[in-house]
Student: 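Below you will find the structure I want to go over with you.
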2 protein chains.
Amino acid sequence: MSSQDGRYHHGDLRAALLTEAAAMIAEGGAASLTLRGIARRLGVSRAAPYRHFPDKSALLVGVASAGFARLGERLQSIEAGAPRSSVERFRRMGEEYVRFALENPAHYRLMYGKEALTREDIPELHASADALLAQLVDVIKAQQRSGGIKRQDPRTQAYIAWSTVHGLASLLIEGQIQPAGEVDDLIRKTTRTLLDGMRVRRRPAP
Amino acid sequence: MSSQDGRYHHGDLRAALLTEAAAMIAEGGAASLTLRGIARRLGVSRAAPYRHFPDKSALLVGVASAGFARLGERLQSIEAGAPRSSVERFRRMGEEYVRFALENPAHYRLMYGKEALTREDIPELHASADALLAQLVDVIKAQQRSGGIKRQDPRTQAYIAWSTVHGLASLLIEGQIQPAGEVDDLIRKTTRTLLDGMRVRRRPAP
DNA sequence: GTTTGAGTGTTGACACTGTCAACATACACT
DNA sequence: AGTGTATGTTGACAGTGTCAACACTCAAAC
């Protein structure tokens, strides 16, 4: 019985592990997260986490998965709010996506970098990402109906849009991009360019 | 004297470390690369690498940097070859970028994921990436002059293009994107959409 | 041609990590 | 009250990055 608060059972260690892990990642990056360290911070023994996650990778998958859920909710909230035109709403979602990444860089990195995850099958993580994709596909279909963007395979278009915002987010986070002016400016221009490419063309290019 | 070949001095251990590290990363991912492991494979003692790199992170930076150089050369070769129109050449560079990533997934991941790199300052790595960016800016300026794409801040446009191809490459590598048809198809469509967005618009969108 | 010093490679050691087996405790249900 | 299951603990092991102390090699200075 070495728990800080004198209890033998923690109460809800599983949830505590997830939130504490997320906190540690936010503080010092995923590399700073160690199973023993998190156990120490929670006043619990080294092996306790193993009662809730088969290994470290599984815990990380859990944290990453929660990140996808949060990101999804955030995009949903943009979709709910109603800016002017409907294409503009789509563009705003892209902006919000990048902002989320910039606000939670280490978490975002974990979500996409399987580097730290040694397990072969990460179905849970892929499911979370797929949910996000489905959300995006729905919005694109709606935009196609309203004539905002080209009528092509919406899934392909979703991949393209996702690639654009993810790429921008990723390069910004890693510090590869150091924009001359405001970051928001770059984000806006990027989403505009993307949208221009997805829009219905008046005349085919020569 | 425990060297496999009986020599006390290796000859060019620094270069051997870099190439062997790249090979190990290609085989089993960056996570599988361990300083002791690479030393073992080179028939050298654990501490030998420390005579050439201050720590593991420095070795990884070296490998990643070499990756940027190789990628740069590859894009250069596309620029040298002369496809039909000049905009098409630009697009082809984007395709080639993604292909490079798909052919060297683990290496590419290392180049962009600072996850594994604990050091604060990675000037060498940023310099390598900046060289790539400069290359891209040059091409964009040329395309602007020939009227292929909009006349805007070329650096910003380079960021946008880079984001698009990097995002696509990244999502493909991580398995987040599972295209319905051929991968090449998706790559082509993505670069086309990007280019459409960067092209000079005949009429402003309503 | 010997000496010497820098460059390079080796061994021993330390703290740290993820993980497992064996054991202990607390709670829920009969 | 009794018992089984979920949860938490301790001890142990192999593996890791890293450092200090030592060994070897070779080229330049005498």
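Every chain is numbered from 1 and lettered A, B, ... according to where its sequence line falls, protein lines coming before strand lines. As a basis for the values below, the full set of heavy atoms in this structure was taken, side chains included, without hydrogen atoms, waters or symmetry mates. Owing to the predicted nature of the structure, the values given are computational and were not obtained by experimental measurement.
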Student: Given atom NZ of A/Lys56 and atom P of D/dG15, what is their separation to the nearest angstrom?
Tutor: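 Rounded to the whole Å, the gap is 18 Å.
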Student: Which pairs pass side chain to side chain donor-acceptor pair (under 3.5 Å) with one or both residues in residues 129-138 of chain A, sequence neighbours excluded?
Tutor: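 Checked against side chain to side chain donor-acceptor pair (under 3.5 Å) - neighbours excluded - the pairs reaching residues 129-138 of chain A are A/Gln76-A/Gln135.
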Student: Could you tell me the separation between the CG atom of A/Asp12 and the P atom of D/dG8, rounded to a whole number of Å?
Tutor: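 Taking CG of A/Asp12 and P of D/dG8, I get 9 Å after rounding.
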Student: Is it true that A/Glu96 and A/Arg92 make a salt bridge, defined as a side-chain N closer than 4.0 Å to a carboxylate O?
Tutor: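 A salt bridge is absent here (no side-chain N lies under 4.0 Å from a carboxylate O).
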Student: Under a 3.5 Å cutoff, is there a donor and acceptor pairing between the side chains of A/Gln143 and A/Gln157?
Tutor: no
Student: Rounded to the Å, how far apart are A/Leu42 CG and D/dT9 C1'?
Tutor: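 From A/Leu42 CG to D/dT9 C1': 15 Å.
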Student: Let me know the distance between CG of A/Leu35 and P of D/dT9, rounded to the nearest Å.
Tutor: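 So the two atoms are 14 Å apart, to the nearest Å.
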Student: Among all residues two or more places apart in sequence or in another chain, which pass the ring-ring contact (aromatic ring centres under 6.0 Å, His included) test with A/Phe68?
Tutor: A/Tyr112
Student: Counting just side-chain N and O atoms, does A/His52 come under 4.0 Å of either OP1 or OP2 of D/dG8?
Tutor: yes
Student: Rounded to the nearest angstrom, tell me the gap between atom CD1 in B/Ile38 and atom P in D/dG15.
Tutor: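 Rounded to the whole Å, the gap is 19 Å.
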Student: Quick one: are A/Ile38 and A/Met24 in side-chain contact, heavy atoms under 4.5 Å?
Tutor: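 Result yes, sub-4.5 Å side-chain heavy-atom pair found.
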Student: What's touching nucleotides 20-22 of chain C from the protein side, N or O pairs under 3.5 Å?
Tutor:
from, atom 1, to, atom 2, distance (Å)
C/dA22, N6, A/Arg51, NH2, 3.1

Student: Do B/Glu95 and B/Arg99 meet the salt-bridge criterion of a basic N to acidic O distance under 4.0 Å?
Tutor: yes
Student: Give the dot-bracket string for DNA chain D, reading 5' to 3', where a pair is Watson-Crick or G-U wobble with both distances under 3.5 Å, ( ) marks pairs inside the strand, [ ] marks pairs crossing earlier ones, | marks a partner on another strand, and . marks unpaired.
Tutor: ||||||||||||||||||||||||||||||
Student: Using whole Å, what does the distance between atom C1' of nucleotide D/dG8 and atom CZ of A/Arg40 come to?
Tutor: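 Whole-Å distance recorded here is 17 Å.
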Student: So does B/Arg36 reach the base of D/dG15 with its side chain, donor to acceptor, closer than 3.5 Å?
Tutor: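 Answer no: no donor N or O sits under 3.5 Å from an acceptor.
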Student: Within this structure, what is the CG-to-P distance between A/Leu60 and C/dG18, rounded to whole angstrom?
Tutor: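 Answer to the nearest Å: 10 Å.
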Student: Who pairs with A/Ala169 by side-chain contact (heavy atoms from CB on, under 4.5 Å), at least two apart in sequence or on another chain?
Tutor: A/Val98, A/Ala101, A/Tyr108
Student: Give every residue pair that meets the salt bridge (Lys or Arg N to Asp or Glu O under 4.0 Å) criterion with at least one member in residues 19-28 of chain B, sequence neighbours excluded.
Tutor: B/Glu20-B/Arg41, B/Glu27-B/Arg41
Student: How far does CG of B/Asn104 sit from CD1 of B/Ile25, to the nearest 0.5 angstrom?
Tutor: 11.0 Å
Student: If you pin A/Leu13 and B/Thr34 to their nearest nucleotides in DNA chain D, which one's is more 5'?
Tutor: A/Leu13
